[in-house]
**Student:** 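Take this structure, written in C-alpha cells, and hold onto it; I'll ask about it next.
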Amino acid sequence: MINLFDTAISDTVPVVASREQTVGIYVCGATVYGPPHVGHGRFALVYDILWRYLEYAGYKVVFVSNVTDLDDKIIDRANKENRSWRDLAVESETQWWRNMELLNVRKPHHTPHATDYIVQMVELIVKLEEKGYAYRLGDGVYMEVGKLSSYGLLAHQSLDSLKSGARVSVDTSKRSPLDFALWKAAKPGEPTWESPFGPGRPGWHTECVVMASSLLGDDFVLHGGGLDLCFPHHENERAQAQALNIHFAGHWIHNGLVEVGGQKMSKSLGNYVTLEDMFKEHDPSAYRLLVLQSSYRSPVEVTPELMEDAEKALERLNTLARRLEDIRKTANATDLELTDIMSEADIEEKKRNFVNMMEDDLNTPSGVALLFTSLRQANALLDRHDIRSGYQLGKFVVDTFLMLGINSVAPAEVMDPMILELVRARDEARLKQDFVKADELREKIKLLGYMVEDSQSGAQLRNTH
RNA sequence: GGCGGCGUGGCCGAGUGGCUUAGGCAAGGGCCUGCAAAGCCCUGUACCCCAGUUCGAUUCUGGGCGCCGCCUCCA
C-alpha cells in the first residue's frame, strides 16, 4: 500500500485502501501562454513517475491533468502581442506536449480544457450562489470564504490569521480580501460567455474543481500540483467543493519547486530556463534522473553541473544496457537462466525492497540508489564471467529504470561502411602490434563521432556525446 | 507579523537513537588493458550552533543562527 505525504494533515498516510480500488489522480496542469520551463518539467515528471510506479505496482490508475486554456495570463499576453488568445493557447499547448514527449512524460488519460467546461462551471457557480456562498459585485461573482469553517486547512492557518497576512488589495469592495472570483465580468478585449450573472468568464479556481469532479467523480483519491498551488488555488478548489458537499480529493499532494540560486523558478520572477533551452545542452533523460535522485517534496536546484552529473550516471546505465544487449545477442535463453549465485529469490528481494522504498512516500532517491548498487553488482558478476546472474540482475536494473521512464536501450548499431572499415583496419593493425597506426585510426574514428573501446568481444563503438 | 519546511562529507542527496552501510558526481590508490575507455576493488575521520533527555544523539526535546516557501498570479 502506498503512503504519501498529505498536505491537508501534514503527515504521511496510506492513500489507497487496496490494489483493486481505482486510483483517480488529478494534477493541476499547464496554463498555456508560453514555453514550459524546467519547473513545469519537474511537476510533470514527478506525477508521471508516480503514475508509472502505481501501475507497475499493480494499481489501477485514472490520471487526469488539465490544460488551462482560459486565463488572465493568456488573455493579457495575447492582447500584448496583438493576436488571438485561442491561437496563443493552441500554439503553447502544442509546445507543451512536444516538451512532454521529449521528457518521456506520458499523456494523461484525460486532458480536459477549461473552455470545454464553461457550462458546468456556470452551473457550479449558480449552485454556490443558491446556497449562499457566493455574492455578486460589479466585476463578477465572488466566493465568500468566511462562510466555510474549514477554510485554511491546506494553508494550516485560521481564517483570521490568513486575513491578517493578506496584502491589502486595491479593490476593497470584497467582503474579505480572501474572497476569490468565481466569475469575472466581461471586459473589453476579453473572451466572454453568457451566464445568469451576465457575460464573462469563469475564474481559475472554479475551472479545476469542475474538471476534476466531472472526470473523476466526487471522491477521487489524489489531487496534486506544485507546492505553490497549495494556497490559494487548492484551498479555493476545496472551498467550493466543500460548500457543495462534494467529497472531492481524498488526499492532497504537492511537489517541491525548482530553484535557481536558492530562489524558486517562476515565470513571474523571470528566472526560468525553458525546457527547450535545457534540451539544447542536456539529455532530457538526465533531467528525469535528476528528479528521481531527489525527494519529490524537496526543492531542487537544477544547474548545468548537476545535469552533467546525471548524464554521467545515465551513461553507466547505458553501458550496462549495451553490455546486456551484447550478451543477449550471442546467448540462448537457457544460457541466461539464473544460478544459485544470484537466485530468483535474490532478485525478488531487491524488487520488494525497491517497492517498499517507493511506497514510502515515493522515496525515489533510495530506489535509484538500490538500482545503482545493483548495477555495480551486475557489472561485477559479468566481470567475473557469471553471465547468468549478471545478466538477470542487470536486466532488473534496466527494466526498472525503464518502468521509471528512463529508456536505456542500447544505441543502434553503426552501419556506416567507412567507419566499419576504419575499425576493421584498426583491428588488423592491433593484431600486427602496430599500435601507432591503431591509435591513429582510433583518432580518425573519434573525429567521426565515435569512441572505440576494446572489449573481450572485440572493438565496440559508441557515440562520443 | 502568521503558517510550513529545510540545514548531512568537495558538490548533489537518502537515512537512522548505538549496530554495517546509502546512492550519484568529483578526488586518490589499485586490478584489468599495448595504450586508452569501460568495468570492478579499496579509500572519505559527514551530519549548522548551544543546552537538555539518554548508558549513548546526526537522529528525540528546547533555544539560537542561517536559508527557503506560502499568506498576490505562479507547476
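Keep in mind that the numbers below use all heavy atoms, side chains included, and drop hydrogens, waters and symmetry copies. Throughout, a chain's letter reflects where its sequence line sits, starting with A, and its residues are numbered from 1.
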**Student:** Can you tell me if Asn363(A) touches the phosphate of rG15(B), counting only side-chain N or O atoms and a distance under 4.0 Å to OP1 or OP2?
**Tutor:**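 Yes, within the criterion.
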**Student:** With respect to the side chain of Lys73(A), which nucleotide from rC12(B), rC40(B), rC73(B) is positioned closest?
**Tutor:**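 Taking heavy atoms from C-beta onward, the closest nucleotide is rC73(B).
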**Student:** Determine, for Asp48(A) against Arg52(A), whether the closest basic-nitrogen to carboxylate-oxygen distance falls under 4.0 angstrom.
**Tutor:**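 A salt bridge is present here (some side-chain N lies under 4.0 Å from a carboxylate O).
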**Student:** Take atom P in rC68(B) and the same atom in rG52(B), then report the distance between them in whole Å.
**Tutor:**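 These two P atoms come out 32 Å apart once rounded.
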**Student:** In whole Å, what separates the C1' atom of rG24(B) from that of rC60(B)?
**Tutor:**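 Between the two C1' atoms, the distance is 30 Å.
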**Student:** Any Lys/Arg nitrogen of Glu325(A) or Arg328(A) sitting under 4.0 Å from an Asp/Glu carboxylate oxygen of the other?
**Tutor:**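 Here Glu325(A) pairs with Arg328(A) in a salt bridge, since their nearest N and O are under 4.0 Å apart.
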**Student:** Expressed as a whole number of Å, how far does the P atom of rC25(B) sit from that of rG34(B)?
**Tutor:**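 These two P atoms come out 26 Å apart once rounded.
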**Student:** Describe the nucleic acid contact of Gly39(A) in one word from base, sugar-phosphate, nothing, applying a heavy-atom distance below 4.0 Å.
**Tutor:**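 The residue Gly39(A) makes base contact.
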**Student:** For nucleotides rC70(B) and rG29(B), find the distance between their P atoms and express it as a whole number of Å.
**Tutor:**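 Comparing P positions in rC70(B) and rG29(B) gives a spacing of 46 Å.
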**Student:** Measure CG/Asn318(A) against C1'/rG39(B) and give the value in whole Å, please.
**Tutor:**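 Whole-Å distance recorded here is 15 Å.
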**Student:** For Lys329(A), does the NZ atom have more than 12 heavy-atom neighbours from other residues, nucleotides or ligands under 6.0 Å away?
**Tutor:**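 Yes, enclosed.
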**Student:** Is any N or O donor-acceptor pair between the side chain of Arg323(A) and the base of rA38(B) shorter than 3.5 Å?
**Tutor:**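 Per atom types, no contact qualifies.
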**Student:** Separation of His254(A) atom NE2 from rC71(B) atom P, in whole Å?
**Tutor:**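 Between P of rC71(B) and NE2 of His254(A): 12 Å.
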**Student:** Let me know the distance between CG of Leu317(A) and C1' of rA38(B), rounded to the nearest Å.
**Tutor:**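 It works out to 14 Å between those atoms.
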**Student:** Taking Arg424(A) first and then Glu428(A), would you say they form a salt bridge - that is, a charged N and a carboxylate O separated by under 4.0 Å?
**Tutor:**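 Salt bridge present between Arg424(A) and Glu428(A).
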**Student:** Work out how far the P atom of rA22(B) is from that of rG9(B), and round it to whole angstrom.
**Tutor:**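 Per the computed distance, 13 Å lies between those P atoms.
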**Student:** Between atom CG in Asn255(A) and atom P in rG69(B), what is the gap in whole Å?
**Tutor:**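 Computing the Asn255(A):CG to rG69(B):P distance gives 15 Å.
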**Student:** The side chain of Ala369(A) lies closest to which of these nucleotides: rA37(B), rA22(B), rC3(B)?
**Tutor:**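 Between rA37(B), rA22(B), rC3(B), the one nearest the side chain of Ala369(A) would be rA22(B).
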**Student:** Measuring from the side chain of Asp383(A) (C-beta onward, heavy atoms only), which nucleotide among rA37(B), rG34(B), rG39(B) has the closest atom?
**Tutor:**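 So the nucleotide nearest the side chain must be rG39(B).
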**Student:** Mind calculating the distance between CG (Asp71(A)) and C1' (rA75(B)) to the nearest angstrom?
**Tutor:**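 Nearest whole value for this atom pair: 13 Å.
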**Student:** Taking atom NZ as the centre, does Lys267(A) end up with more than 12 heavy-atom neighbours from other residues, nucleotides or ligands that are less than 6.0 angstrom away?
**Tutor:**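 Yes, because the 6.0 Å sphere around NZ of Lys267(A) holds more than 12 heavy atoms from other groups.
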**Student:** Tell me: CD of Glu311(A) to P of rA26(B), nearest whole Å?
**Tutor:**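 To the nearest whole Å, that distance equals 12 Å.
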**Student:** Which nucleotide, rA36(B), rA14(B), rG24(B), lies nearest any side-chain atom of Pro365(A)?
**Tutor:**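 Of rA36(B), rA14(B), rG24(B), rA14(B) is nearest to the side chain of Pro365(A).
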**Student:** Categorize Gly152(A) for me: base, sugar-phosphate, or nothing, with a 4.0 angstrom heavy-atom threshold over every strand shown.
**Tutor:**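 Contact class for Gly152(A): none.
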**Student:** Round to the nearest Å and state the distance from Met451(A) atom CE to rG39(B) atom C1'.
**Tutor:**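 In whole Å, rG39(B) C1' lies 14 Å from Met451(A) CE.
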**Student:** Base, sugar-phosphate, or nothing for Ser298(A), non-hydrogen atoms under 4.0 angstrom?
**Tutor:**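 Touches sugar-phosphate only.
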**Student:** Check whether Arg288(A) reaches the backbone of Asn104(A) with its side chain - one donor and one acceptor, N or O, closer than 3.5 Å.
**Tutor:**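 Flag set: sc Arg288(A) to bb Asn104(A) pair under 3.5 Å.
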**Student:** From rG2(B), rA22(B), rG69(B), pick the nucleotide closest to the side chain of Leu257(A)?
**Tutor:**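 From the listed options, rG69(B) comes nearest.
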**Student:** Identify whether any heavy atom of Glu301(A) sits under 4.0 Å from a base atom; if not, whether one sits that close to sugar-phosphate; answer base, sugar-phosphate or nothing.
**Tutor:**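 No contact.
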**Student:** Compare side-chain N and O positions of His40(A) against OP1 and OP2 of rA75(B) and report whether any pair is under 4.0 Å apart.
**Tutor:**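 Answer is yes, contact under 4.0 Å.
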**Student:** If the test is ring-ring contact (aromatic ring centres under 6.0 Å, His included), which one of Phe231(A), Phe180(A), Tyr142(A), Trp183(A) qualifies with His205(A)?
**Tutor:**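 With His205(A) as partner, Phe231(A), Phe180(A), Tyr142(A), Trp183(A) yield a single ring-ring contact (aromatic ring centres under 6.0 Å, His included), made by Phe180(A).
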**Student:** From the options Ile253(A), Asp11(A), Thr12(A), select the one residue that forms a side chain to side chain contact (heavy atoms under 4.5 Å, CB included) with Leu4(A).
**Tutor:**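 The single option meeting the side chain to side chain contact (heavy atoms under 4.5 Å, CB included) with Leu4(A) is Ile253(A).
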**Student:** Across the strands shown, which category fits Arg426(A) at heavy-atom distances under 4.0 angstrom: base, sugar-phosphate, nothing?
**Tutor:**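 The answer is base, as Arg426(A) lies within the cut-off (heavy atoms under 4.0 Å) of a base atom.
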**Student:** Is Arg316(A) near enough to rC25(B) that one of its side-chain N or O atoms lies under 4.0 angstrom from OP1 or OP2?
**Tutor:**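 Checking Arg316(A) against rC25(B): at least one side-chain N or O falls below 4.0 Å of OP1 or OP2.
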**Student:** Under 4.0 Å, heavy atoms only, any strand: does Pro36(A) hit a base, just the sugar-phosphate, or nothing?
**Tutor:**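 No contact at all - Pro36(A) keeps every heavy atom at 4.0 Å or more from the nucleic acid.
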**Student:** Can you figure out which of rC74(B), rC40(B), rA36(B) approaches the side chain of Leu375(A) most closely?
**Tutor:**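 Nucleotide nearest to Leu375(A)'s side chain: rC40(B).
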**Student:** When you measure only distances, ignoring hydrogens and angles, does the side chain of Arg376(A) come within 3.5 Å of the base of rC40(B) through a donor and an acceptor?
**Tutor:**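 Checked by distance alone, the answer is no.
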**Student:** Of the listed nucleotides (rA26(B), rG34(B), rC73(B)), which one gets closest to any side-chain atom of Asp439(A)?
**Tutor:**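 Out of rA26(B), rG34(B), rC73(B), the nucleotide with an atom closest to Asp439(A)'s side chain is rG34(B).
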**Student:** When the C1' atoms of rG23(B) and rU8(B) are considered, how many whole Å apart are they?
**Tutor:**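 After rounding to an integer number of Å, I get 14 Å for this pair.
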**Student:** By the 4.0 Å heavy-atom rule, please label Thr319(A) as base, sugar-phosphate, or nothing.
**Tutor:**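 The residue Thr319(A) makes sugar-phosphate contact but no base contact.
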**Student:** Looking at rC41(B), I'd like to know if its phosphate oxygens (OP1 or OP2) sit under 4.0 Å from a side-chain N or O belonging to Arg384(A).
**Tutor:**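 No, outside the criterion.
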**Student:** Between atom CZ in Phe435(A) and atom C1' in rA36(B), what is the gap in whole Å?
**Tutor:**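 One finds 12 Å between C1' of rA36(B) and CZ of Phe435(A), rounded.
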**Student:** The side chain of Lys264(A) lies closest to which of these nucleotides: rA22(B), rC41(B), rG69(B)?
**Tutor:**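 That would be rG69(B).
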**Student:** Enumerate the residues from residues 289-296 of chain A whose closest heavy atom to RNA chain B is under 4.0 Å, giving them by residue number; use none for an empty result.
**Tutor:**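 Residues of residues 289-296 of chain A that come under 4.0 Å of RNA chain B are, in numerical order, Gln293(A), Ser294(A), Ser295(A).
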**Student:** Would you indicate, yes or no, if rC35(B) has its OP1 or OP2 atom less than 4.0 angstrom from a side-chain nitrogen or oxygen of Arg430(A)?
**Tutor:**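 Result: no.
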**Student:** With sugar-phosphate meaning primed atoms plus P, OP1 and OP2, does Val27(A) contact a base, only sugar-phosphate, or nothing at under 4.0 Å between heavy atoms?
**Tutor:**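 Answer is nothing: Val27(A) stays at 4.0 Å or more from every strand.
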**Student:** Could you work out the separation of rC47(B) and rA14(B) based on their C1' atoms and round it to a whole Å?
**Tutor:**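 It comes out at 13 Å once rounded to the nearest Å.
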**Student:** Under 4.0 Å between a side-chain N or O of Thr364(A) and OP1 or OP2 of rG23(B)?
**Tutor:**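 Negative; the distance criterion is not met.
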**Student:** Under a 3.5 Å limit for both distances, which nucleotide forms a Watson-Crick or G-U wobble pair with rG44(B), could you say?
**Tutor:**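 rG44(B) is paired with nothing.
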**Student:** Identify whether any heavy atom of Met357(A) sits under 4.0 Å from a base atom; if not, whether one sits that close to sugar-phosphate; answer base, sugar-phosphate or nothing.
**Tutor:**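 Nothing, no heavy atom under 4.0 Å.
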**Student:** What integer number of Å spans the C1' atoms of rU21(B) and rG15(B)?
**Tutor:**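 To the nearest whole Å, 10 Å.
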**Student:** Looking at rA75(B), rG39(B), rC74(B), which one has an atom nearest to any side-chain atom of Asn379(A)?
**Tutor:**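 The answer is rG39(B).
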**Student:** Counting the atoms with a prime plus P, OP1 and OP2 as sugar-phosphate, which does Val300(A) contact under 4.0 Å by heavy atoms, base, sugar-phosphate, or nothing?
**Tutor:**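 No contact.
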**Student:** Between Lys187(A), Lys184(A), Arg77(A), which is the residue that forms a salt bridge (charged side-chain N to carboxylate O under 4.0 Å, His left out) with Asp72(A)?
**Tutor:**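 Option passing the salt bridge (charged side-chain N to carboxylate O under 4.0 Å, His left out) with Asp72(A): Lys184(A).
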**Student:** Between Asp383(A) and Arg323(A), does any side-chain N to carboxylate O distance fall below 4.0 Å?
**Tutor:**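 Salt bridge: yes.
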**Student:** From the list rA36(B), rG24(B), rA37(B), which nucleotide is the closest neighbour of the side chain of Asp454(A)?
**Tutor:**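 Closest nucleotide to the Asp454(A) side chain: rA36(B).
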**Student:** Using the six-membered ring wherever Trp is involved, compare the ring planes of Trp96(A) and Phe43(A) and label them parallel, tilted or perpendicular (cut-offs 30° and 60°).
**Tutor:**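 Because their plane-to-plane angle is under 30°, the rings of Trp96(A) and Phe43(A) count as parallel.
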**Student:** Is Glu101(A) atom CD crowded by more than 12 heavy atoms from other residues, nucleotides or ligands, each under 6.0 Å away?
**Tutor:**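 For Glu101(A), atom CD is not crowded (no more than 12 foreign heavy atoms under 6.0 Å).
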